[in-house]
Number of protein chains: 2
Amino acid sequence: MNETEADDEVRAESFRQARSARRLELVEDYLELIADLIDDHGEARQVDIAARLGVAQPTVAKMLRRLSKDGFITQRPYRGVFLTEEGRAVAERSRTRHRIVEAFLCAVGVSPETARLDAEGIEHHVSAETLEVFERFLERAADA
Amino acid sequence: MNETEADDEVRAESFRQARSARRLELVEDYLELIADLIDDHGEARQVDIAARLGVAQPTVAKMLRRLSKDGFITQRPYRGVFLTEEGRAVAERSRTRHRIVEAFLCAVGVSPETARLDAEGIEHHVSAETLEVFERFLERAADA
DNA sequence: CACATGGAATAGCCATGGCTAAATTCAAGC
DNA sequence: GCTTGAATTTAGCCATGGCTATTCCATGTG
Ligand SMILES: [Mn+2]
Ligand SMILES: [Mn+2]
Ligand SMILES: [Mn+2]
Ligand SMILES: [Mn+2]
């Protein structure tokens with residue numbers, strides 16, 4: 001049945017997209033958080049990142065090595081973490097998207113507390129098209 | 001600074017919730033898919049699950065062992081996979097939530113194709129409260 | 001009723017993302 | 001300038017979720 005096979009392929013595509021988004025979740029959260037820490041406190045230290053994420057510090061150390069290897073950050077040993085141009089770009093995009101998703105949830109009637117919790121996961125699965133829809137919704141809500 | 005520490009704890013909570021949702025994503029997708037296959041074709045075979053998910057068959061085999069161990073399914077060797085009562089319950093809940101999320105995205109103006117793709121990931125991060133908001137939105141949209 | 005074949009099981013590899021425990025090292029304060 | 005404590009690094013463990021290659025075996029067809 002060619003129909004069935006084609007159908008499988010179509011369905012599989014959404015799972016593939018979700019898996020690929022899942023792989024990027026952590027990278028986006030780390031970079032956004034590092035940007036926040038730098039902007040708020042002038043530096044981003046492993047202990048602070050760990051405390052904000054709710055994980056152990058060596059977990060952060062391992063992740064930072066990966067982010068370095070992939071060119072998103074630079075590290076000065078025993079000093080803080082710094083964003084490369086690419087890292088800063090990803091952080092900004094993630095931060096913007098995160099804010100829109102959280103504001104959208106609030107606008108549609110979710111309590112601020114729940115919006116905060118849910119947005120942390122939802123943000124990573126919102127495509128450009130959906131994000132635009134959310135933005136337009138917010139604009140219209142602001143008018144009313 | 002106690003203020004800062006408390007603040008960290010609050011922020012960490014959303015990351016914890018997102019991590020915990022991430023751990024359940026696969027379980028929910030598998031059970032929902034197995035229920036679909038059983039309802040549509042009368043049985044759920046590893047090859048079919050693999051084709052629908054877009055992964056290799058041994059990947060499915062390994063995951064099914066885990067689902068068995070955790071009491072969500074039973075397996076008859078070389079026959080299909082069957083849902084336990086608990087497995088069926090999780091599947092139904094996931095299916096319902098998935099449908100609401102996808103319908104909500106469409107209702108708010110996202111194209112059906114993008115809604116299908118994004119819903120596959122978003123669904124797992126939508127809390128009960130947010131789901132209810134989405135449902136109410138759909139009801140109101142239906143009235144208009 | 002034999003047996004071919006397609007699905008299932010197994011083995012073994014890798015990357016990711018958690019953890020604890022221990023060793024290092026930097027820097028602040030005495 | 002020494003000391004010491006906190007932060008970082010390192011080492012090593014585990015579970016999850018992918019993969020390929022291979023073996024196995026139940027069933028349905030001839
Ligand atoms: Mn975020
Ligand atoms: Mn997030
Ligand atoms: Mn689903
Ligand atoms: Mn899903």
Side-chain angles (χ1 to χ4, degrees), chain A residues 1 4-5 8 12-13 15-31 33-34 37 41-70 72-82 120-121 124, chain B residues 1 4-5 8 12 15-31 33-34 37-38 41-70 72-82 120-121 124:
Chain A
M1 308 209 169
T4 305
E5 278 168 38
D8 281 353
E13 200 44 41
F15 288 112
R16 284 204 197 90
Q17 176 173 302
R19 281 198 299 273
S20 126
R22 224 173 44 211
R23 277 200 313 274
L24 291 176
E25 273 183 43
L26 261 196
V27 171
E28 293 170 346
D29 283 339
Y30 266 81
L31 295 178
L33 173 51
I34 290 167
L37 287 170
H41 301 92
E43 60 172 7
R45 312 290 301 237
Q46 288 188 16
V47 274
D48 301 321
I49 297 171
R52 286 263 187 114
L53 289 177
V55 298
Q57 169 270 321
T59 298
V60 172
K62 196 193 281 192
M63 185 61 188
L64 293 183
R65 268 202 300 278
R66 184 150 81 87
L67 294 177
S68 282
K69 185 173 61 64
D70 294 349
F72 293 116
I73 63 169
T74 56
Q75 290 185 87
R76 290 208 309 242
Y78 290 91
R79 295 301 201 79
V81 174
F82 306 89
E120 194 56 75
H124 309 283
Chain B
M1 302 200 177
T4 305
E5 276 169 40
D8 281 353
F15 287 113
R16 284 203 197 90
Q17 176 173 303
R19 281 198 298 274
S20 126
R22 224 172 45 212
R23 276 200 314 273
L24 292 176
E25 274 184 42
L26 261 196
V27 172
E28 294 171 345
D29 282 339
Y30 267 80
L31 295 177
L33 173 51
I34 289 167
L37 286 170
I38 290 175
H41 300 91
E43 60 172 7
R45 313 290 302 238
Q46 288 189 17
V47 275
D48 300 323
I49 298 171
R52 285 265 187 113
L53 288 178
V55 298
Q57 168 268 321
T59 298
V60 172
K62 197 191 283 189
M63 184 63 188
L64 292 183
R65 267 202 301 278
R66 184 149 80 87
L67 293 177
S68 282
K69 186 173 61 64
D70 294 349
F72 294 116
I73 63 169
T74 56
Q75 290 184 87
R76 290 209 307 245
Y78 289 91
R79 294 304 200 77
V81 174
F82 306 89
E120 192 57 74
H124 310 283

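The analysis underlying the following values was restricted to heavy atoms, covering all of them including side chains, and did not include hydrogens, waters or symmetry mates. Since the model is a prediction, treat every value here as computed from it, not as a measurement.
- In this structure, the CG atom of B:Leu37 is 15 Å from the C1' atom of C:dG7, given to the nearest Å.
- Atom CZ in A:Arg65 sits about 13 Å away from atom P in D:dG12, given to the nearest Å.
- Residue order along DNA chain D, read from the 5' end via each residue's closest nucleotide, puts A:Gln75 first among A:Gln75 and B:Val27.
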| How does protein reach along nucleotides 18-27 of chain D, written 5' to 3' as B (base within reach of a heavy atom under 4.0 Å), S (only sugar-phosphate), or - (no contact)? | BBBB--BSSS
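- Between the CG atom of A:Asp29 and the P atom of C:dT16 there is a distance of 17 Å, given to the nearest Å.
- Taking the salt bridge (Lys or Arg N to Asp or Glu O under 4.0 Å) definition, one finds that B:Arg19 meets it with nothing, sequence neighbours left out.
- Nucleotide C:dC26 holds its P atom 13 Å from the CZ atom of A:Arg76, rounded to whole Å.
- Summarising the geometry, the separation between CG on B:Leu53 and C1' on D:dT16 is reported as 15 Å, rounded to the nearest angstrom.
- The distance between atom CG of B:Asp70 and atom C1' of D:dT16, rounded to the nearest whole Å, is 12 Å.
- Under the 4.5 Å side-chain criterion, counting only non-hydrogen atoms from C-beta, B:Ile49 is not in contact with B:Gln57.
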Can you list, pair by pair, the side-chain donor-acceptor contacts under 3.5 Å of residues 75-82 of chain A, counting residues two or more places apart and other chains?
unit_1: A:Gln75; atom_1: NE2; unit_2: A:Ser68; atom_2: OG; d: 3.2

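- Remark: A:Arg45 pairs with A:Glu43 by the salt bridge (Lys or Arg N to Asp or Glu O under 4.0 Å) rule, at least two apart or across chains.
- In terms of the salt bridge (Lys or Arg N to Asp or Glu O under 4.0 Å) criterion, residue partners of B:Arg22 (sequence neighbours excluded) are, by chain and number, A:Glu25.
- Residue pairs satisfying the salt bridge (charged side-chain N to carboxylate O under 4.0 Å, His left out) criterion with at least one member in residues 55-65 of chain A, sequence neighbours excluded, are absent.
- One finds a side-chain N or O of B:Arg45 lying less than 4.0 angstrom from the OP1 or OP2 phosphate oxygen of C:dA8.
- Atom P of nucleotide C:dA8 and atom CE of B:Met63 are separated by 17 Å, given to the nearest angstrom.
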